[in-house]
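For reference, the structure is listed below as structure tokens.
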Amino acid sequence: MDFNEIKSISDKYLMPTYNHFPVALASGKNATLTASDGREIIDFTSGIGVNIFGVNDDGWKNAVTQQIERIQHTSNLYYNETVAVAAKLLCEKSGFDKVLFCNSGAEANECAIKLARKYSYDRYGENRSTIISLVNSFHGRTMATITATGQEHYHKFFMPFVDGFKYAEVGNKEAFSELLDGTVCAVILEVIQGEGGVLLTPSDYIKYIRQLCDENDIILIFDEVQTGVGRTGKLYAWENIGVKPDVLTSAKGLGDGLPVGACLATEKFGSTLTAGTHGTTFGGNPVVLAGAIEILNRIDNEFLKSVREKGEYIKNKVITFNDVFEVRGMGLMIGVDLKTKKAADVAARCVEKGLLILTAKQSLRMLPPLTVTKNEIDKGLEILKNVLAE
């Protein structure tokens with residue numbers, strides 16, 4: 001099909017929940033994609049932080065197809081070797097003790113919310129179920145996770161929302177402590193607020209929250225759906241600040257394109273959810289987890305060092321571009337603030353010129369594959385530089 005035919009069919013049959021850029025992606029290799037019209041396009045999005053090994057990675061493809069040839073699904077009522085190996089590998093590499101596999105980041109956050117509330121109920125009884133999240137956060141689009149999301153414009157249309165959530169101003173320690181009224185069971189936060197504009201949560205603020213959580217037996221949850229699996233130059237972003245959460249949620253890059261989520265917990269909280277209190281039909285799918293094993297086995301210290309180096313290379317280049325006000329981030333999670341141009345207009349123009357780039361609030365956002373080559377980086381940055389110079 002040509003682009004117009006693809007667009008016509010899509011617009012007719014898909015619910016209009018996304019604003020599509022005028023391009024249809026057909027194939028590719030690593031961070032170099034091919035559009036339906038044959039154009040080469042550099043990818044600085046990796047499917048919103050998902051395709052961390054880029055497109056068409058040979059090792060990942062082989063792992064997935066070999067599992068498909070054995071068994072594609074078992075349900076969680078039965079044991080499976082691939083699932084067991086993936087659980088062991090993820091727990092050992094991340095430093096956590098238990099994991100529940102699911103299908104998305106939102107589902108992983110739902111699991112963390114249920115875990116926190118059940119732990120508190122088991123230990124303290126009713127009326128201790130409040131969860132604090134941060135203003136400007138994003139945790140998903142289910143009813144609970146959209147309520148946990150600390151952005152007012154998401155809290156429309158779908159009333160009534162889920163009760164039991166409060167929002168803390170980022171960096172305001174006094175205001176945070178005032179929210180601890182005896183009803184709080186958990187705090188959920190992002191080390192970097194991705195959808196909120198690639199904003200780093202101050203490490204001293206996170207350390208303060210960790211201290212208060214310890215003092216009050218409150219579960220600290222880190223949403224690492226976007227920052228996890230090597231994106232920030234560490235396996236998980238908490239390692240960059242030295243504050244370990246009790247529960248961590250992961251997704252996106254863990255599946256490298258297939259749907260996956262994971263809710264990880266330390267030993268103290270890892271057995272809170274018992275048989276019948278939570279579950280998922282497709283979570284822990286062996287095909288998805290065969291790919292996850294391949295990914296986790298290849299993310300070592302040398303690989304993570306290369307992620308950090310590529311990120312610094314990009315930041316040092318972009319800060320010199322016309323109209324750029326600020327560049328920030330960790331590893332290959334980079335936000336760019338502009339002086340006068342609108343990020344949405346720049347992203348649209350970049351697509352026309354052959355570069356996929358994201359926005360987050362008023363900022364440009366880069367989440368290229370972690371395997372992006374220097375040649376691909378330079379091609380993409382040249383397009384961005386020219387667009388910003390227009």
Side-chain angles (χ1 to χ4, degrees), residues 50 64 67-68 70-92 94 96-123 125-126 128-129 131 133 139-149 158 161-165 185-186 188 219 221-225 228-229 245-293 296:
V50 170
V64 168
Q67 180 61 49
I68 289 174
R70 293 195 293 269
I71 188 169
Q72 80 275 23
H73 178 69
T74 64
S75 99
N76 289 301
L77 297 174
Y78 312 102
Y79 290 106
N80 177 270
E81 180 182 345
T82 302
V83 177
V85 171
K88 180 177 185 290
L89 183 61
L90 181 57
C91 285
E92 288 181 347
S94 67
F96 289 82
D97 300 292
K98 298 283 187 180
V99 61
L100 183 140
F101 290 115
C102 50
N103 305 290
S104 69
E107 282 194 21
N109 285 333
E110 286 271 352
C111 177
I113 289 167
K114 289 178 68 176
L115 186 157
R117 286 182 168 169
K118 185 173 185 298
Y119 170 82
S120 189
Y121 181 89
D122 290 346
R123 192 171 178 87
E126 297 182 12
R128 192 180 185 271
S129 58
I131 294 173
S133 66
H139 298 294
R141 296 181 185 272
T142 65
M143 286 304 297
T145 57
I146 203 171
T147 308
T149 292
F158 310 113
F161 288 89
V162 179
D163 290 334
F165 289 90
C185 69
I188 183 169
I219 293 179
I221 305 164
F222 282 5
D223 177 343
E224 293 232 31
V225 170
V229 201
D246 304 305
V247 174
L248 180 144
T249 59
S250 184
K252 288 189 180 288
L254 189 61
D256 201 46
L258 292 178
V260 68
C263 180
L264 292 142
T266 58
E267 187 66 39
K268 179 179 179 180
F269 307 103
S271 299
T272 298
L273 294 173
T274 53
T277 59
H278 197 58
T280 164
T281 297
F282 295 105
N285 176 272
V287 175
V288 177
L289 294 183
I293 291 170
L296 290 168

Atom pair CD/SG of E110 and C102 - distance to nearest 0.5 Å: 10.0 Å
Heavy-atom pair with the smallest gap, counting every atom of V50 and G257: CG1-N, 3.2 Å
From L89 atom CG to E92 atom CD, the distance as rounded to the nearest 0.5 Å: 7.0 Å
Residue pair T145 / A106: nearest heavy atoms and the distance that separates them: CG2-O, 3.5 Å
Inter-residue atom distance D246.CG - T272.OG1, 0.5 Å rounding: 10.5 Å
Pairwise distance CZ(F161) to CD1(I146) - rounded to 0.5 angstrom: 5.5 Å
Beyond-backbone contact of R128 with Y121, side-chain heavy atoms, under 4.5 angstrom: no
Contact summary for E267 and D97, nearest pair of heavy atoms: N-OD2, 2.8 Å
Exceeds 12 heavy-atom contacts within 6.0 angstrom, atom NZ of K268: yes
Geometric class of the F282/H73 ring pair [parallel <30°, tilted 30-60°, perpendicular >60°]: tilted
Contact summary for N76 and T280, nearest pair of heavy atoms: ND2-O, 3.1 Å
With L248 via side chain to side chain contact (heavy atoms under 4.5 Å, CB included) - residues at least two apart: F96, E224, Y236, W238, P245, S250, L264
Close side-chain approach of K118 to T274, heavy-atom, < 4.5 Å: yes
D122 atom CG, over 12 foreign heavy atoms within 6.0 Å: yes
Residue pair V247 / A112: nearest heavy atoms and the distance that separates them: CG1-CB, 3.9 Å
Among T149, I113, I221, I131, side-chain contact (heavy atoms from CB on, under 4.5 Å) partner for H139: T149
Nearest non-hydrogen partners of G105 and A251, listed with the distance: N-CB, 3.4 Å
From CG (L90) to CD1 (I293), nearest 0.5 Å: 10.5 Å
Pairs where residues 77-87 contributes a residue and the test side-chain hydrogen bond (donor to acceptor under 3.5 Å, both in side chains) is met, not counting sequence neighbours: Q67-T82
Chi angles and distances behind the side-chain contact (heavy atoms from CB on, under 4.5 Å) call for V85, L289: CA-CA 9 Å; V85 171; L289 294 183; over 6 Å; no
Test item: K252 side-chain N/O and V229 main-chain N/O as donor-acceptor pair under 3.5 Å: no
Approximate separation, where rounding is to 0.5 Å, of T249 OG1 and D223 CG: 4.0 Å
Polar side-chain atom of R117 near backbone of S129 as donor-acceptor pair, under 3.5 Å: yes
